[in-house]
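First up is the structure itself, then whatever we jot down about it.
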Amino acid sequence: MDEFLQGWIDWLNAQPFQQTIRYTEWVVPTVQTIHIVAVAVVITAALVIALRGVELTGREWSLARWHQRFRSGTIAALWVLLATGLVMTLAEPERELLNWIFRAKMVMVIVTLIIAHFLSRRLEQAKPDRPAGGDVRAAAFLVLLCWIGIATAGRWIAYAG
Ligand code: HEM
């Protein structure tokens, strides 16, 4: 696997656009900043929804209504995370692609998106003023924990793996 990826890494490192991204001083810090702001958007939405599920916040709105409120913002932030993450990966492909924490993070992102998708569908089908079931509330908490795990992995890439 590493040998296969090394071929791609060498190819990427030989591309002029890669050199521009890697060696233009402001690019990586700017993209990292945008990545972190998008993380804040995703985790804030997941936190409010998880806490609403256990009646700890936002009780004036149903879970389904909170979900509606945050849905498009979260989707936009996830596209931003993908785009900025790709730029960071392009900037230093060997640092990311050969790191097992990065790979684990990508798997966690896919699994979390699948869980979040099913949660989202359940909340879209829910009656806006009916209390959500226990499974929906548990899934909302699980999604929050997953995003926190992904953010933790993202930070650890710099130190381990
Ligand atoms: C969607 C695809 C994503 C890709 C391709 C991606 C990629 C990356 C990359 C390449 C880094 C830099 C790691 C390093 O070299 O130190 C990073 C950092 C990070 N990522 Fe992501 N990421 C994605 C999604 C997410 C999500 C969904 C979250 C959290 C909800 C997240 C949270 C973080 C955090 C907290 C950092 C550390 C930033 C820093 O310390 O400056 N990422 N990500």
Side-chain angles (χ1 to χ4, degrees), residues 1-2 4-54 57-58 63 66-123 136-161:
M1 172 85 160
D2 281 6
F4 168 76
L5 286 172
Q6 192 61 55
W8 280 96
I9 291 166
D10 293 341
W11 180 82
L12 275 173
N13 281 332
Q15 304 309 309
F17 71 90
Q18 194 276 346
Q19 298 285 303
T20 308
I21 293 172
R22 187 175 192 135
Y23 295 113
T24 307
E25 267 176 29
W26 57 266
V27 171
V28 170
T30 304
V31 164
Q32 277 174 344
T33 307
I34 299 169
H35 202 75
I36 283 295
V37 171
V39 170
V41 172
V42 170
I43 292 192
T44 303
L47 181 67
V48 170
I49 288 177
L51 291 182
R52 172 61 187 88
V54 289
T57 192
L63 203 51
W66 276 113
H67 166 259
Q68 229 172 37
R69 173 69 185 78
F70 283 128
R71 190 175 179 276
S72 50
T74 302
I75 291 173
L78 285 167
W79 281 111
V80 170
L81 282 168
L82 179 63
T84 49
L86 285 176
V87 173
M88 287 190 275
T89 307
L90 269 179
E92 291 181 273
E94 62 288 344
R95 172 180 164 122
E96 315 301 344
L97 300 179
L98 299 179
N99 184 309
W100 69 264
I101 301 178
F102 174 80
R103 293 176 193 170
K105 178 183 160 181
M106 290 304 103
V107 173
M108 283 195 280
V109 167
I110 293 165
V111 171
T112 308
L113 286 175
I114 293 169
I115 302 171
H117 172 73
F118 283 109
L119 174 64
S120 176
R121 281 189 46 181
R122 283 291 301 273
L123 285 169
V136 169
R137 290 189 263 166
F141 241 96
L142 179 63
V143 168
L144 171 66
L145 292 180
C146 288
W147 291 135
I148 293 173
I150 291 165
T152 308
R155 194 69 271 263
W156 271 92
I157 293 165
Y159 301 99

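One-based numbering, in listed order, for ligands and for the atoms of each.
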Any pair with a residue in residues 91-104 that passes side chain to side chain donor-acceptor pair (under 3.5 Å), sequence neighbours left out, goes on the list, sorted by first then second residue, please. Asp2-Arg103, Asn13-Glu94, Arg22-Glu94

Give a yes or no on whether the backbone of Leu81 and the side-chain of Thr84 come within a donor-acceptor separation of less than 3.5 Å. yes

Among all protein heavy atoms, pick the one closest to atom 16 (O) of ligand 1 and tell me residue, atom and distance. Arg95 NH2, 2.7 Å

Could you go step by step and tell me if Leu78 and Leu113 meet the side-chain contact (heavy atoms from CB on, under 4.5 Å) rule? CA-CA 10 Å; Leu78 285 167; Leu113 286 175; 3.8 Å; yes

Residue-atom pairs from the protein, N, O or S only, that lie under 2.8 Å from atom 21 (Fe) of ligand 1: His35 NE2, Lys105 NZ

Could you check which of Val28, Leu86, Ile36 puts a non-hydrogen atom nearest to atom 38 (C) of ligand 1? Ile36

Whether the side chain of Trp66 engages the backbone of Gly58 through a donor-acceptor N/O pair (distance < 3.5 Å, no angle test) should be reported. yes

Return the option from Met106, Arg155, Gln32 holding the heavy atom at the smallest distance from atom 39 (C) of ligand 1. Arg155

Taking atom OH as the centre, does Tyr159 end up with more than 12 heavy-atom neighbours from other residues, nucleotides or ligands that are less than 6.0 angstrom away? no

Is the backbone of Ala91 close enough, under 3.5 Å, to the side chain of Gln18 for a donor and an acceptor to pair up by distance? yes

In this structure, atom 13 (C) of ligand 1 is nearest to the protein heavy atom Glu96 OE1, 3.6 Å

Min side-chain heavy-atom separation Cys146-Met108 under 4.5 Å: no

Test side-chain contact (heavy atoms from CB on, under 4.5 Å) on Gln32 and Val28 and set out the steps. CA-CA 6 Å; Gln32 277 174 344; Val28 170; 3.8 Å; yes

